[in-house]
Structures are given as structure tokens and as C-alpha cells.
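Just below is one structure, and these are the notes that go with it.
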Amino acid sequence: MADTLVHRGPESAGFYINNNGNVGFAHRRLSIIDLNERAGQPLHYLHYTIIFNGEIYNYIELREELQKQGYKFTTASDTEVIPAAYDHWGDSCLHHFDGMFAFALWDEKKQQLLLARDRFGEKPLYYHASYLQRGKFNQFVFGSEMKALWAVGAPKHINGTMMLNYLTLGYTNDTLKKTATFYNDILSLPAGHYLTVQPQEGKLQMKKWYDGRHETVKIKREALNGDEAVHKFMELFSASIKRRLRSDVNIGTCLSGGIDSSAIVAGCNGLKAEHLTHECFTAIFPGFEKDESAYSGKVADHFKLRQHTIEVTADDWINQFGLLMYHQEEPLQSSSVLTQFMVYGLAKQHGITVLLDGQGADEILGGYKKYTHWYLQYLFRTDVKAFKREKKLLQQNQFLESWSVKNYGAAFFPAKAAALLQKKALNEQNGNSLINKDFLKKYRNIDTLQKPVVKTLEDILYYNTFTSGLGELLRYADRNSMAHSREVRLPFLDHSLVEFIFSLPSSYKIHDGFTKWILRQSMQPLLPAEIVWRKDKIGYEPPQQQWMQHKSIVEMIVAGRKKLVEHNVLDTSIINKPVKPSAAHEKGNDDWRYLCAASLL
């Protein structure tokens, strides 16, 4: 199992088997904080043994707090803080952690294992239990990636419903069952959950420990004016960045040219962090209309950064696709994931171990254009004058792509709108003549096509942050970075910052015809105006449509189609259809999906 995960921790390996011989840990180390061998894992503290993936950013403050309670520490690592915190606070220690983490903590006294995952799911944790009798497992295995479980014989049976929903609708997760993966026998511990495992009894129990909506409700809603809200936002955002610069190895930044990554660069500027470098990493596509190199170059020049660029090409798709899918293990939405894979590889070439990146900003701040529809529907129902004003401004700024009579109906009947969207998805699935009819009949499940009822902008932001959307992006970032033994840290996902943003009225997210209004206002003094008030959202898009016309890529897609036909997933009629080149975020990105899906079989 450890050998399959060398890329996640190439520097050392550690192993532990308990006295009874029924619990075993293996850990691969990527040294980031306290590079000394004594901070290696598995780490033993009192009667606990821990293996841990990720970072506890507030470990310094927690260590000081625990020292006052009499706890002693022999390392300068964040790892050692976890068992001490658990000993002091029990399961509720999780609420004290500001970080990204998946860890396993063995309590020798209780003979109990605690598996826990961070609030948003930045770090992964998969498990497989095999049962000889109902309700009592005879073997339980877990790991950061599925390949570790396959290495010890976990079955590799495709989840037919997940595969069907992906191929027909592009879904990469099951919103009904949060533990589901693309493999029937492998489960994912959901974000903000923990699992207690009792090996002697063969029992396990899962519990949700973090509820973002509940935590937001607890925040006292102050009547902040715009300037006060911007000040508070900057205070929390700066604190998040500062903590995420704690490291004993070099740190750089990803820079796309959009406001999210540019804001992180601006937030780092002027901070005194020992290992923060002035290096940033960017993907470029010369000649492509959605190339952002002019914008990213402007930001790099503004802050006098050393900008390293990589031109990602069709040849990279041909040469790297197999490796990309080996690391990702589950299907991808588009080739933009390949672009990210190459950027993290570029950081490795330049000796940067930790990268700050902008994932999460769109989901919490209402950054996608689709969010403007839901916001306008809310305004139409509550404030017609504000609705008319915002609609006009959003159209002028190209943030509103379409608006029809259906949107007026959805404003007053959100539950009916959700039901109609679900029915539309089912009809789209049923009407797909390229899916094998037996496969469709066997695995179709209308409940997995359920749509959220959206009454306010926050409803859809919560849904995309905690149910469907963000988790997929975090999986891409984790696997792509760890494939190159890099660590990615995400300042927008500090839970205090997220909870504050969710506690603000919708008008702080979409306002005056702009998305992400509070972020733009905050960055106005720090970034060039053409970055702050950009109206064209690119979304890290490569020239996928051009790439799909390459002879070798067409051959890869055709081979993928044939494989899916052989496994009775696609109908034989697909064989004679020409490959349809499509843009990365275009609806009907079918041939990309066929290629990804085939790599799972």
C-alpha cells in the first residue's frame, strides 16, 4: 500500500503494527513542517499513534494552548498537536483545527481508530470493508488514494449509476450518497465527517462533525456597511494567507490572470514569511482567444514576480493523459484538469514544494455566471426595482448569458423549477441513443438526478460548496499536486472566512452588475483595475476543441469508444460516428467523457 503512494511522500516511509497485531499503519512523508526525522510518521504520543496527510495551519496557537494545560511536545510539527488535542478535547478537537487534513488516530487504551476529514474535503480518505457476516467486518483498509486499496485486493467494480450519470450528464459525484465513488466497493469519507472503527468488534460508525450552514447561522449578523464588510473580509483573508505561509520549505503561487489567484498574490505581497518566494506558475496558450497570459503577466509585473510559464499542447494530452488518469482514478469534466497537472509539474521543476491556489472562491463568492440567474430570481421575488437595475447591469457586463420567461416562473416556484430540471435531466438521459439500452435500464436511478430547491443565492452556493461542485475541484487539485509531490494550499477555504462570507447578504457577492463584488472591492487598492473589474471569466480553459482534431487524440477517443462498446456501456452505433471536437466547458463534451470513462475499465 505504501509503495503505491510514493508520489505523495517520496522522502521517507514509516510503519506501525499494534501489540495485538490487528492494526497496521503505513505512511509516506512529504516533509513540509519540521523536517527533522523525529517528526516522521507514524508518530506516537501518549497512548496514541497517528498518520496524517495535510496541514493544521493554527498548530502554533494550539500547541501554546495545550502547553498551558500541561501537554509537552518533542517536535515542532503540526502532527504532534493532533493527538494532544484529541486527548484534551476528544472528538470535538476537530472544531479547533484550522486546516486541510485526513488523519488516522489509533487509541491503544480504547482499542479504537478515529478517521477524520477536514471541513471542505481538501484532503482525501477512501476505505473498503469486507464482511463475512452482516454488520461485522473481517477486514477494513483505508488510504489517501484508491490504488492503495487495490494493492491489497479491494475489488474494482464500476458503479454503473455513477458511470451512466457521468456519460450522459457529466456528473462526477452522487449527491444522494456522499460516500459513493465510481467503484462499488470503495467508499469516500465525506468532507466534515469522521469514522470510528473498532477492529475487535468489526464495527464502524460515521458521524458528521462540521455543518457549514449551521456554523454560519451561529455567526452574529452585524449590520455592516460596505466599507466595514470589505475591511472584515480583508482581515480574514489576510489572516488565512498568513497562516498558509507557515512552512519549512519553499512556497510559490499559481497565477492564472483571474481575480482569485491575483488576489492571493496581492495578499502575499509585503508579508514577511521566511520561505515565501517571488515565483509564480502559469499555463499559457499562445494564439488561443482564451489565453490569459497578458493578464497574468500584468499581475506578475505589478508585484515583480518571477513568472514561470508552460505552454500546454495536444502532445501533452497524448503523452500525459494515461498518467493523469492513473493519478486521478475517477473521471474528469474537461482537459483543464490536464492544464493544472502540467502547472504543478512546472513548480516541481523549479524546486517549489508548496503552492497557494484559488479554488473555492467561485463557490463561496458567487463567481460563476450561472449564479446571476438565481440571484435575479430572488430579487424579482423580493425587490423588483433592484431586480431591474441588476439585470440591466449584469447584461451590460456580460455576466448574464440568458434570461427568459422560465426564470420568472422559477422565481415564484423554486420547488417546481427543481422538479422540472430533474425531469429534464432524466429525459436527456433516456433520450441518449448512444448509451447501451440494457446498461441504461439497469443503472438508471432518478433519485440521483435530484436538483436543489434554490430560493436564495446562498442556497445554490451552499449546494456547490458542500454537495456538488467544489469537492470535484479539490480532488483534481489534490491528485494533480501530489502526483508531483507538491502541496497545494487554498486561502479562500479558511472556514472563518467562508462562514463570514455566507453570513453576508447576497448583495455583497453579486452587486452593481459584477460577481464576487466584495473580493473586487477589497482588491481595488492592490491590483490593476483591468484585473479587478474583468468581465470575461475564462475558467482555466485550454484549446481543447483544437486538440481534439489531432490525429492521435482522435485515435485515443475512438479506442475509448470501442472499449465502452465491448463492456456494453455504449451502443454499437457510436463506432461509425465522427469524433466531435468540443470546447472544455461546452455542453455535450461527450467524447472527452468517453475517453475518461474508458480509462477506468
Side chain proximity check, Leu204 to Phe137, heavy atoms < 4.5 angstrom | yes
**Message:** Counting C-beta onward and ignoring hydrogens, is there a side-chain heavy-atom pair between Lys348 and Thr353 closer than 4.5 Å?
**Reply:** no
Here the gap from Glu55 atom CD to Arg489 atom CZ, rounded to the nearest 0.5 Å, amounts to 4.5 Å
Steps toward salt bridge (Lys or Arg N to Asp or Glu O under 4.0 Å) verdict (Lys147, Glu330) | CA-CA 11 Å; Lys147 54 182 69 67; Glu330 294 186 282; over 6 Å; no
Q. Backbone N or O of Thr175 within a donor-acceptor pair of the Asn173 side chain at under 3.5 Å?
A. no
Between His327 and Phe341, what is the ring plane arrangement, given parallel below 30°, perpendicular above 60°, and tilted in between? tilted
Residues pairing under side-chain hydrogen bond (donor to acceptor under 3.5 Å, both in side chains) where one sits in residues 63-72, two or more places apart or in two chains, turn out to be Tyr71-Asp87
*Could you please spell out the steps behind the ring-ring contact (aromatic ring centres under 6.0 Å, His included) verdict for Phe466 and Phe120?*
CA-CA 7 Å; Phe466 294 107; Phe120 303 103; 5.8 Å; yes
Under a 4.0 Å threshold between the charged nitrogen and the carboxylate oxygen, would Asp362 count as salt-bridged to Lys516?
yes
Rounded to the nearest 0.5 angstrom, the CD1-OG distance for Ile284 and Ser256 is 13.5 Å
Problem - Donor + acceptor pair across side chains of His308, Glu279 (<3.5 Å) - result: yes
Does the structure place the NZ or CZ of Arg486 under 6.0 Å from the centre of the six-membered ring of Tyr344, at an angle of no more than 45° from the ring's axis? no
- Query: Judged by atom type as modelled, is there a donor-acceptor pair below 3.5 Å linking the side chain of Arg246 to the main-chain atoms of Tyr57?
  - Reply: yes
Result for ring-ring contact (aromatic ring centres under 6.0 Å, His included) between Tyr183 and one of Tyr127, Tyr126, Trp150 points to Trp150
Q | Phe492 vs Phe237, ring-ring contact (aromatic ring centres under 6.0 Å, His included): CA-CA, chis, key distance, verdict | A | CA-CA 7 Å; Phe492 284 104; Phe237 186 54; 4.9 Å; yes
Check your understanding: Is the closest basic N to carboxylate O distance between Arg8 and Glu145 below 4.0 Å?
Key -> yes
Between Phe233 and Ser522 the two heavy atoms that sit nearest each other are CD2-OG, 3.1 Å
Any donor-acceptor pair under 3.5 Å linking the side-chain atoms of Glu541 with those of Ser336?
no
*Step through it carefully: locate the ring centre of Tyr48, locate the ring centre of Tyr45, and say whether they are under 6.0 Å apart.*
no
Between the OH atom in Tyr86 and the NE2 atom in His96, the distance rounded to the nearest 0.5 Å is 13.5 Å
* Asked: Would Gln340 and Asn480 count as having a side-chain donor-acceptor pair, cut-off 3.5 Å?
  -> yes
_Charged N-O contact under 4.0 Å between Glu11 and Arg29_ = no
(request) Indicate whether the side chain of Gln111 and that of Asn20 have a donor and an acceptor atom separated by less than 3.5 Å. (result) yes
Count the heavy atoms belonging to other residues, nucleotides or ligands that lie under 6.0 Å from CG of Leu601, then report whether that count exceeds 12.
-> yes
key: Donor-acceptor side-chain pairing of Asp185 and His128 below 3.5 angstrom   = no
Let me see the working for Val249 and His275 under side chain to side chain contact (heavy atoms under 4.5 Å, CB included), right down to the final yes or no. CA-CA 6 Å; Val249 293; His275 292 278; 5.6 Å; no
Separation between CG (Asp248) and CD1 (Ile32), nearest 0.5 Å, reads 9.0 Å
Q: Decide yes or no for Ser335 and Phe321: does some side-chain heavy atom of the first lie under 4.5 Å from some side-chain heavy atom of the second?
A: no
Tightest non-hydrogen contact, residues Cys254 and Ser261, listed as O-CB, 3.4 Å
All heavy atoms of Thr277 vs all of Ile251, minimum pair found to be OG1-O, 2.7 Å
message: Please check this pair: side chain of Ser468 against backbone of Asn464, looking for a donor-acceptor N/O pair closer than 3.5 Å.
response: no
Which of Asn165, Asp174, Thr161 passes side chain to side chain donor-acceptor pair (under 3.5 Å) with Thr448? Answer is Asn165
- Task: State whether the side chain of Asn184 and the backbone N or O of Ile158 hold a donor-acceptor pair below 3.5 Å, judged by distance alone.
- Result: yes
For a side chain to side chain contact (heavy atoms under 4.5 Å, CB included) check, start with the C-alpha distance between Leu189 and Met206, then their side-chain angles and the critical distance, and finish with the verdict.
CA-CA 8 Å; Leu189 180 62; Met206 187 167 71; 3.7 Å; yes
TODO: Determine whether Arg28 and Ser144 make a side-chain contact, defined as any pair of heavy atoms from C-beta on separated by less than 4.5 Å.
DONE: no
Requested in this report: Look only at the side chain of Thr282 and the backbone of Leu255, and say whether a donor-acceptor pair between them is shorter than 3.5 Å.
Outcome: yes
Taking the side chain from Asn36 and the backbone from Arg38, do they hold a donor-acceptor pair closer than 3.5 Å?
-> yes
> Do Lys123 and Asp478 meet the salt-bridge criterion of a basic N to acidic O distance under 4.0 Å?
Replying inline: yes
Margin query: Between Met523 and Met234, is there a side-chain heavy-atom distance shorter than 4.5 Å?
Written below: yes
Notebook entry, point to check: If only atom types and distance count, is the side chain of Asn250 paired as donor or acceptor with the main-chain N or O of Ile352 below 3.5 Å?
Noted result: no
Inset, instruction - Could you tell me whether the side chain of Leu43 reaches within less than 4.5 Å of the side chain of Phe52, counting heavy atoms only? - result: no
Any donor-acceptor N/O pair, Glu499 side chain to Thr216 backbone, under 3.5 Å: no
So does Glu235 get a backbone contact from the side chain of Ser238, meaning a donor-acceptor N/O pair under 3.5 Å?
no
Exactly one candidate in His44, Glu108, Gln41 meets side chain to side chain donor-acceptor pair (under 3.5 Å) with Thr49; the answer is His44
* Any side-chain heavy-atom pair from Ile259 and Leu519 closer than 4.5 angstrom? -> yes
Taking every heavy atom of Ala477 against every heavy atom of Val488, the minimum-distance pair comes out as O-CG2, 4.5 Å
task: Evaluate whether atom CD of Gln205 has more than 12 neighbouring non-hydrogen atoms of other residues, nucleotides or ligands under 6.0 angstrom away.
output: no
### Task
Output yes when a side-chain donor or acceptor of Asp118 lies under 3.5 Å from a complementary backbone atom of Met100, and no otherwise.
no
Between Arg244 and Asp98, is there a side-chain N and carboxylate O pair less than 4.0 Å apart?
yes
Between Gln112 and Gln198, the two heavy atoms sitting closest are OE1-NE2, 3.7 Å
Would you please indicate yes or no on a ring centroid separation below 6.0 angstrom for Tyr462 and Phe502? yes
Heavy atoms of Gly360 and Leu493 approach each other most closely as CA-CD2, 4.0 Å
(message) Under a plain distance cut-off of 3.5 Å, with no hydrogens placed, do Thr74 and Glu80 share a side-chain donor-acceptor pair?
(response) yes
Q. Any side-chain heavy-atom pair from Trp209 and Tyr194 closer than 4.5 angstrom?
A. yes
Rounded to the nearest 0.5 Å, the CZ atom of Arg117 sits from the CZ atom of Phe103 at a distance of 13.0 Å
Output for pair (Phe281 CZ, Leu305 CG), nearest 0.5 Å, gives 10.5 Å
